[in-house]
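Take a look at the following structure, please.
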2 protein chains.
Amino acid sequence: MSLSQIEYFVAVADQGNVGRAARALRVAQPAVSRQILRLEDELGAELFVRTPRGMTLSRAGVVFLRHARDILAGVRAAADDVRRLDRADG
Amino acid sequence: MSLSQIEYFVAVADQGNVGRAARALRVAQPAVSRQILRLEDELGAELFVRTPRGMTLSRAGVVFLRHARDILAGVRAAADDVRRLDRADG
DNA sequence: TGAGGTTACGCCTATCGTAATAATG
DNA sequence: CATTATTACGATAGGCGTAACCTCA
């Protein structure tokens with residue numbers, strides 16, 4: 001699992017389909033598709049239900065999404081805190 | 001920033017030096033050294049104070065360590081929850 | 001046939017390991 | 001000189017983009 005995969009996953013969950021997620025991420029469609037597949041493979045669970053109109057979260061996906069947002073928020077907080085501290089006292 | 005970098009960082013913090021961390025991670029010493037340097041570069045802050053005996057956390061490092069453990073715990077929880085749910089209901 | 005997701009394939013960057021190079025007590 | 005971290009360098013793996021392909025209404 002990688003932070004990129006988590007970011008891609010959140011984008012697809014938010015956008016509802018891979019194409020829009022890819023545009024939002026400024027990346028090509030297959031990059032997002034592949035990373036989602038890899039993530040599902042590693043987790044051994046389908047995070048999305050594929051429909052002809054796009055992808056909607058599965059129950060596992062709903063659970064994962066909560067964690068995903070926490071993890072990304074944690075990463076941002078970590079970087080922010082370190083940078084703030086470093087700016088404050090060198 | 002990558003999850004590997006965060007894992008390497010925690011290992012060095014725990015072990016007190018790069019060599020032991022590398023052994024614990026089953027990876028060569030330079031791999032760990034490089035990723036720590038990259039992480040510090042990206043954050044714009046030194047996370048460790050280098051001593052001839054190893055590396056000890058800087059103040060920024062102490063702050064980052066708390067976040068790092070949270071992030072890794074979040075990743076584990078995300079995977080565990082998804083796998084448990086998937087096992088429970090397919 | 002149009003909208004979407006996936007697979008193939010070639011390229012390019014990132015990471016690794018081994019080996020060599022500091023630096024310090 | 002022993003211990004530890006870092007840099008050099010060649011090899012490999014992972015990720016990307018373009019293009020082709022599949023599926024479904």
Side-chain angles (χ1 to χ4, degrees), chain A residues 1-62 64-65 68 71-72 75 79, chain B residues 1-62 64-65 68 71-72 75 79 82 86:
Chain A
M1 191 178 335
S2 72
L3 292 177
S4 284
Q5 285 172 342
I6 298 173
E7 287 162 7
Y8 287 13
F9 166 81
V10 171
V12 174
D14 285 345
Q15 302 288 336
N17 78 57
V18 173
R20 272 203 299 277
R23 281 192 292 280
L25 294 163
R26 305 190 164 280
V27 124
Q29 195 152 332
V32 177
S33 179
R34 278 184 304 242
Q35 292 305 318
I36 298 294
L37 290 170
R38 267 187 180 282
L39 180 59
E40 291 178 318
D41 185 62
E42 179 183 340
L43 292 171
E46 298 201 339
L47 300 174
F48 293 101
V49 178
R50 274 75 173 171
T51 79
R53 317 293 292 269
M55 323 225 304
T56 61
L57 287 169
S58 67
R59 282 178 51 194
V62 171
F64 191 76
L65 181 59
I71 292 164
L72 297 182
V75 169
Chain B
M1 193 181 329
S2 72
L3 292 176
S4 284
Q5 284 172 343
I6 298 174
E7 286 162 7
Y8 288 12
F9 166 80
V10 171
V12 173
D14 285 345
Q15 302 289 338
N17 77 58
V18 171
R20 270 202 301 276
R23 279 192 293 279
L25 293 163
R26 305 190 164 281
V27 125
Q29 195 152 333
V32 178
S33 178
R34 279 183 303 239
Q35 293 305 320
I36 299 294
L37 290 170
R38 265 186 182 282
L39 180 58
E40 292 179 316
D41 185 59
E42 179 184 338
L43 292 171
E46 297 202 339
L47 299 173
F48 292 102
V49 178
R50 274 75 173 172
T51 77
R53 315 295 292 269
M55 324 224 305
T56 62
L57 288 169
S58 66
R59 282 177 53 193
V62 171
F64 191 75
L65 181 59
I71 292 164
L72 296 181
V75 169
V82 165
D86 201 64

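Each chain gets a letter, A, B and so on, in the order its sequence line appears, and its residues count up from 1.
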Within residues 26-35 of chain A: residues closer than 4.0 Å to DNA chain C (heavy atoms):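 Residues of residues 26-35 of chain A that come under 4.0 Å of DNA chain C are, in numerical order, A:Gln29, A:Pro30, A:Ser33, A:Arg34.
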Presence of B:Arg38 side-chain N/O under 4.0 Å of C:dT15 phosphate oxygens OP1/OP2: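 Checking C:dT15 against B:Arg38, a side-chain N or O does come within under 4.0 Å of OP1 or OP2.
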Stepwise side chain to side chain contact (heavy atoms under 4.5 Å, CB included) test for A:Ile6 and A:Leu72: CA-CA 8 Å; A:Ile6 298 173; A:Leu72 297 182; 3.8 Å; yes
Flag side-chain contact, heavy atom, 4.5 Å: A:Leu37 against A:Glu40: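 When only atoms from C-beta onward are counted, A:Glu40 and A:Leu37 do touch, with a gap below 4.5 Å.
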Side-chain touch A:Phe48/A:Val12, heavy atoms, less than 4.5 angstrom: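 A side-chain contact exists here, since the closest heavy-atom pair is under 4.5 Å.
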Nearest-angstrom distance from the residue atom CD1 of A:Ile36 to P of C:dT6: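 Distance check: A:Ile36 CD1 to C:dT6 P gives 9 Å.
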Members of residues 1-19 of chain B that approach DNA chain C, where some heavy atom sits under 4.0 Å away: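 Heavy-atom cutoff 4.0 Å gives B:Tyr8.
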Atom-to-atom span, CZ of A:Arg53 to C1' of D:dT23 - whole angstrom: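 Those two atoms, CZ and C1', are 15 Å apart.
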Touch class at under 4.0 angstrom, heavy-atom based, for B:Arg20 against every strand present: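 Nothing: the residue B:Arg20, judged by heavy atoms under 4.0 Å, touches no strand.
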Salt bridge present between A:Glu7 and A:Arg26 (N-O < 4.0 angstrom):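 Judged by the 4.0 Å cut-off on N to carboxylate O distance, A:Glu7 and A:Arg26 do not form a salt bridge.
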CD1 on A:Ile36 to CZ on A:Phe9, rounded to 0.5 Å: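 Nearest 0.5 Å value for the CZ-CD1 distance: 7.0 Å.
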Side-chain touch B:Glu42/B:Gln5, heavy atoms, less than 4.5 angstrom: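 Result yes, sub-4.5 Å side-chain heavy-atom pair found.
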Note, B:Met1 side chain near B:Leu39 side chain (heavy atom, < 4.5 Å):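 A side-chain contact exists here, since the closest heavy-atom pair is under 4.5 Å.
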Under 4.0 angstrom between B:Arg50 side-chain N/O and C:dT24 OP1 or OP2: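 Indeed not, no polar side-chain atom of B:Arg50 lies that close.
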Min side-chain heavy-atom separation A:Leu3-A:Ile71 under 4.5 Å: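 Answer yes - side chains close enough.
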Value in whole Å for how far the C1' atom of D:dT7 lies from CG of B:Asp41: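 For the pair B:Asp41 CG and D:dT7 C1', the rounded distance is 15 Å.
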Degree of bending in the helix from C:dT1-D:dA25 to C:dG25-D:dC1 once both end axes are built from five pairs, to 10°: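 The end axes of the helix from C:dT1-D:dA25 to C:dG25-D:dC1 are about 20° apart, to the nearest 10°.
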Nearest-Å distance for atom pair CD/P, residues B:Glu42 and C:dT15: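 Distance check: B:Glu42 CD to C:dT15 P gives 10 Å.
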Atom-pair distance (CG on A:Leu37; P on D:dG14), nearest Å: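 Result: 16 Å.
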